[in-house]
Protein chains: 2
Amino acid sequence: MKHPSSLDFLTEALRRLPGVGPKSAQRMAYHLMQHDREGAALLGRALTQAVDKIHHCTRCNTFTEKEVCETCLDTERDASLLCVVETPADQLMIEQTLTYKGLYFVLMGHLSPLDGIGPKDIHLEKLIARATDGLVQEVVLATNFTNEGEATAHYISETLKARGLKVSRLARGVPVGGELEYVDAGTIARAMLDRRTT
Amino acid sequence: MKHPSSLDFLTEALRRLPGVGPKSAQRMAYHLMQHDREGAALLGRALTQAVDKIHHCTRCNTFTEKEVCETCLDTERDASLLCVVETPADQLMIEQTLTYKGLYFVLMGHLSPLDGIGPKDIHLEKLIARATDGLVQEVVLATNFTNEGEATAHYISETLKARGLKVSRLARGVPVGGELEYVDAGTIARAMLDRRTT
């Protein structure tokens, strides 16, 4: 028994999605062909359009259809602050807190030597050029508090401090609503070391 | 901060895939745009091509690019046997056992009244027409041994027996390699009732 080649092609192509293995890909292909051809056609168009139109912002490196993204063009923002995040999703989370009105730089990843992701892959040269534009006074490192995120923050911090920039890092501590009994010891240790005078 | 609309469109479209929620869709969209544009373009073409080319076999109802699929056209197969399965994946599993040389009918689903899936959705009229072609002597029901699969088998069995056809069902019992201590009681009860003289 042979499958039609278009179906094989689709199943193989679906495996390019992160986290999709052979079984999931087959299930997705069957689902689309059987129950949602309209969705399949829509997704096909969306992919083609995205590949065609989406580029990186020349200033902050995020995804945009223009040369410079809307955030970077926003003149209401404080150009002396530059917040470094790993992904556009992280940027979105920070925006939602309404506590930051500066600009951003999106690394699109984090350092991970074991996976072969070095400084070039997180666009460090571009970040250095961006941070040394003469307007930026402080770089706020908001990479994740994972091993890779911390290593990335440390590396960027050293690089930018060597160029005379002020570099800060989001505070670590007990999360809002956190009960000490259920917070891990590492977080409590950090919160103790970073304790603040009230 | 606003995302470029092509990215929103892609993220929304990815949610049409089964089992993909908003977070996964966003992660997939970022991954494709950042790390695998070639894969995105490929998947886009695969989807468009599949929607365009894939239809249902007029005889067995499986996916095919032709009017009648290769399996149905295979003259080496025993046209007196018709095996009813839920999906092409199930058909593939049976083919791999090399124990069956008849033809197939693919329901593309199972009865599930709670989800609004009735006899029409599993192409029962097409199955009846196929099974009463004068050549088919025995219909082998190979739907899943789940509640829905069993109900589907029962319904089809009653419908086809009323038309004078011989209908059989895959045997239930202890799986190969199964240790009684770890097999569920329902399976053992079934194996006891269906025990065979050796």
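To find a chain, count down the sequence lines: A is the first, B the second, and so on, and within it residues start at 1.
- Looking at A:Leu32, only its side chain comes within 4.5 Å of chain B, counting heavy atoms on both sides.
- Contact detail for B:Tyr30 and A:Pro88: the closest heavy-atom pair is OH-CB, 3.3 Å.
- When atom types are taken as modelled, the side chain of B:Glu65 and the backbone of A:Ser6 share a donor-acceptor pair closer than 3.5 angstrom.
- None of B:Thr48, B:Leu47, B:Val51 except one satisfies the side chain to side chain contact (heavy atoms under 4.5 Å, CB included) rule with A:Leu10; the exception is B:Leu47.
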Any chance you could lay out the side chain to side chain contact (heavy atoms under 4.5 Å, CB included) test for B:Gln26 and A:Leu92, step after step, and finish with the verdict?
CA-CA 12 Å; B:Gln26 192 178 61; A:Leu92 205 61; 4.3 Å; yes

Could you walk me through whether B:Leu17 and A:Leu14 pass the side chain to side chain contact (heavy atoms under 4.5 Å, CB included) check?
CA-CA 10 Å; B:Leu17 296 170; A:Leu14 283 164; 4.0 Å; yes

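- More than 12 non-hydrogen atoms from other residues, nucleotides or ligands lie less than 6.0 angstrom from NZ of A:Lys126.
- With rounding to the nearest 0.5 angstrom, the NE2 atom of A:His31 is 14.5 Å from the OG1 atom of B:Thr87.
- Residues A:Phe9 and B:Arg45 come closest through the heavy atom pair CE2-C, 4.3 Å.
- Distance check, rounded to the nearest 0.5 Å: NE2 of A:His55 to CE of B:Met33 gives 10.5 Å.
- Two residues are said to be in side-chain contact when any heavy atoms from C-beta on lie closer than 4.5 Å; B:Gln34 and A:His56 meet this criterion.
- Proximity to chain A (any heavy atom under 4.5 Å) is shown, for B:Glu38, by both the backbone and the side chain.
- The distance from the CG atom of B:Asp36 to the CZ atom of A:Arg16 is 4.0 Å, given to the nearest 0.5 Å.
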For B:Arg37 and A:Ile54: C-alpha separation, side-chain torsions, deciding distance, then whether side chain to side chain contact (heavy atoms under 4.5 Å, CB included) applies.
CA-CA 10 Å; B:Arg37 278 167 181 260; A:Ile54 293 177; 3.8 Å; yes

